[in-house]
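Here's the structure we're looking at; comments come further down.
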There are 2 protein chains.
Amino acid sequence: MSPRVGPSGPLSREKIVTTAIGVADEVGLEAMTMKRVAERLGAGVMSLYRHVADKDELIEAMVERVTGDYAYPDRRGIGWREAMHVLARRDWAAFLAHPWLLSATATVAPPFGAASLAAMEWALSALDELELPPPAAARAIMTINNYVQGSARVVLGGRRAGAGDDPGRSWRQRLGGVDLDAFPHLGRLVGHPLPEGEGDWFAEGLDVILDGIQARGRPHLA
Amino acid sequence: MSPRVGPSGPLSREKIVTTAIGVADEVGLEAMTMKRVAERLGAGVMSLYRHVADKDELIEAMVERVTGDYAYPDRRGIGWREAMHVLARRDWAAFLAHPWLLSATATVAPPFGAASLAAMEWALSALDELELPPPAAARAIMTINNYVQGSARVVLGGRRAGAGDDPGRSWRQRLGGVDLDAFPHLGRLVGHPLPEGEGDWFAEGLDVILDGIQARGRPHLA
DNA sequence: ATCGCGTTGCGTATGCCGTACGCTACGCTC
DNA sequence: GAGCGTAGCGTACGGCATACGCAACGCGAT
């Protein structure tokens with residue numbers, strides 16, 4: 001009755017994760033349903049559960065996969081500051097390529113898979129030269145991660161509002177009906193076209209953070 | 001047959017929002033279901049929809065309400081730096097008191113209600129003395145918001161893991177089975193008890209960001 | 001060959017979810 | 001007391017994740 005394997009060979013955890021990522025990329029995380037993933041695989045819904053405990057575990061695996069895909073290069077020869085820029089640009093690219101990552105990583109429990117740990121290790125070692133106390137270094141990484149996440153949210157929010165690449169545009173749109181006279185600063189902000197491109201806006205904000213971090217590191221004491 | 005009003009008087013949008021916040025506080029956002037809210041109000045499920053368009057709108061209203069509850073004090077007499085600490089501590093308190101805020105505000109669309117706009121206006125005006133270009137000021141606020149959000153996530157993640165108030169504890173727990181020799185920096189981090197309390201850890205991290213912001217402001221040029 | 005068994009695929013069914021639709025009963029105003 | 005606007009809500013629907021158990025196969029032991 002039932003063919004043992006579907007049109008694309010037998011199921012596997014890897015294939016399921018790959019397909020789920022594709023679905024989430026296209027229709028968003030909330031519309032990524034087990035049924036849709038199974039359909040795209042030419043499989044029955046319940047077949048997925050032979051390879052994945054539940055949907056949450058699948059999402060975790062998706063995050064791990066993407067994190068692994070954006071592995072970090074050898075760090076030798078580049079300074080901590082450039083390393084942080086690399087880190088931030090990688091994550092930034094990942095968030096823009098896979099918008100669902102924003103929701104998936106916004107849960108209270110941070111990811112603890114091998115790829116995530118490796119990324120954290122890479123980032124921490126890049127900060128060695130600053131000789132920060134370990135908790136301060138970890139906090140610095142967290143701060144950068146959160147900055148990237150927040151910036152990506154702004155840009156993606158703008159994209160969804162159909163505002164092209166200008167992060168300010170979406171605000172202007174949403175604020176259409178608001179009484180801007182009551183909020184003079186917001187009004188001034190809305191009237192301000194970003195003098196730089198989206199990438200520069202992002203990188204400059206990162207440098208603000210890095211300046212703060214640098215002031216606490218060894219070069220500061222020397 | 002059906003009494004026109006429930007045991008607690010007629011329904012109202014306000015009462016629904018209040019009750020929903022209570023439910024979310026107790027059972028979490030994902031378990032905050034229309035049915036549960038209605039039950040607690042002694043009302044039928046569909047009655048809620050006379051006052052609220054759909055669940056998303058209800059959640060938005062909840063966020064607005066909480067944002068308004070944590071209104072900001074008069075700013076006269078305090079410097080921008082202290083103002084940012086006030087801002088951060090308020091948000092911090094809100095996130096810890098209402099853990100669901102983390103998920104609710106992690107969507108791509110930032111809240112645009114009156115209370116949220118007022119909060120943004122307050123923060124922007126507090127930065128006036130730095131004379132930053134408006135986009136840079138907005139970015140600074142965003143950075144701080146994201147920092148608060150991320151720190152709250154760490155602390156709440158630890159709480160959920162039953163680790164009391166030490167943010168490092170939960171990491172240690174989760175990393176139990178991991179090969180820490182492969183990640184020396186993570187190992188060092190795990191072995192490190194936070195030398196400060198949770199509040200100091202948070203405030204110090206904020207100061208790191210503020211240092212970076214200050215370096216771009218007017219006092220820096222003077 | 002045949003049997004037995006572990007493994008993989010999946011159909012069916014359950015319970016919960018948000019919510020569309022339309023009825024009911026009430027408080028008005030004339 | 002007749003008509004009507006409105007708040008409450010019962011019922012029903014479609015979609016969701018997933019528990020359970022059967023079916024079809026691969027394969028080593030007999």
Side-chain angles (χ1 to χ4, degrees), chain A residues 1-63 100 103-104 106-109, chain B residues 1-63 100 103-104 106-109:
Chain A
M1 180 69 170
S2 41
R4 290 295 83 203
V5 299
S8 40
L11 279 179
S12 77
R13 191 183 167 93
E14 304 311 312
K15 251 188 285 196
I16 292 173
V17 171
T18 304
T19 307
I21 289 176
V23 172
D25 284 346
E26 288 171 32
V27 300
L29 191 61
E30 64 296 330
M32 186 213 77
T33 180
M34 293 308 236
K35 183 149 164 267
R36 253 188 275 268
V37 173
E39 266 165 9
R40 189 170 297 202
L41 281 162
V45 189
M46 291 317 289
S47 309
L48 303 184
Y49 287 92
R50 288 279 173 201
H51 306 269
V52 158
D54 57 13
K55 196 184 179 182
D56 283 352
E57 203 206 83
L58 173 57
I59 294 178
E60 267 181 53
M62 291 164 65
V63 173
W100 50 269
S103 332
T107 64
V108 282
Chain B
M1 181 66 170
S2 43
R4 290 294 84 200
V5 299
S8 38
L11 279 179
S12 78
R13 191 185 167 92
E14 302 312 311
K15 251 189 286 195
I16 292 174
V17 172
T18 305
T19 308
I21 289 176
V23 172
D25 283 347
E26 289 172 31
V27 300
L29 191 60
E30 64 296 329
M32 187 213 77
T33 177
M34 293 309 237
K35 182 149 165 266
R36 252 188 275 268
V37 173
E39 266 166 10
R40 189 171 298 202
L41 280 163
V45 189
M46 291 317 290
S47 310
L48 304 184
Y49 287 92
R50 288 275 171 200
H51 306 269
V52 160
D54 57 13
K55 195 184 178 182
D56 283 352
E57 202 205 83
L58 173 57
I59 294 178
E60 266 182 53
M62 292 164 64
V63 173
W100 49 268
S103 330
T107 64
V108 281

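Here is how names work: the chains are called A, B, and so on, in the same order as the sequence lines, proteins then strands, and each is numbered from 1. Values in this document were obtained by computation on a predicted structure and should not be read as measured data.
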Minimum-distance nucleotide to A/Met34 side chain [options: C/dG11, D/dA17, C/dC21]: D/dA17
Working to the nearest 0.5 angstrom, can you tell me the gap between B/Thr19 OG1 and B/Glu39 CD? 12.5 Å
Report the distance from atom CD1 of A/Ile16 to atom CE of A/Met34, rounding to the nearest 0.5 Å. 8.0 Å
Which ones in residues 49-59 of chain B lie close to DNA chain D, meaning a heavy atom under 4.0 Å from one of its atoms? B/Arg50, B/His51
Measure CD/A/Glu30 against C1'/D/dA17 and give the value in whole Å, please. 16 Å
Separation of B/Leu48 atom CG from C/dG18 atom P, in whole Å? 10 Å
Would you mind reading off the distance between B/Arg13 atom CZ and D/dG8 atom P, rounded to a whole angstrom? 14 Å
If I compare all heavy atoms of B/Ala104 with all of B/Ile59, which pair ends up nearest, and what's the gap? CB-CG2, 3.9 Å
Taking 4.0 Å as the cut-off, does a side-chain nitrogen or oxygen of B/Thr33 come that near to OP1 or OP2 on C/dC16? no
Report the distance from atom NZ of B/Lys35 to atom P of D/dT11, rounded to the nearest whole Å. 14 Å
Looking at D/dG8, I'd like to know if its phosphate oxygens (OP1 or OP2) sit under 4.0 Å from a side-chain N or O belonging to B/Ser47. no
Is there a side-chain contact between A/Arg36 and the phosphate of D/dC16, meaning an N or O under 4.0 Å from OP1 or OP2? yes
5'-most contact on DNA chain D (nearest-nucleotide basis), A/Ala31 vs B/Met46, goes to B/Met46
Examine distances only and state if a side-chain atom of B/Thr33 and a backbone atom of B/Arg36 form a donor-acceptor pair shorter than 3.5 Å. no
Does the pair A/Lys55/A/Glu60 count as a salt bridge with the N-to-O cut at 4.0 Å? no
Between A/Glu57 and A/Arg13, does at least one N-O distance fall below 4.0 Å, as a salt bridge requires? yes
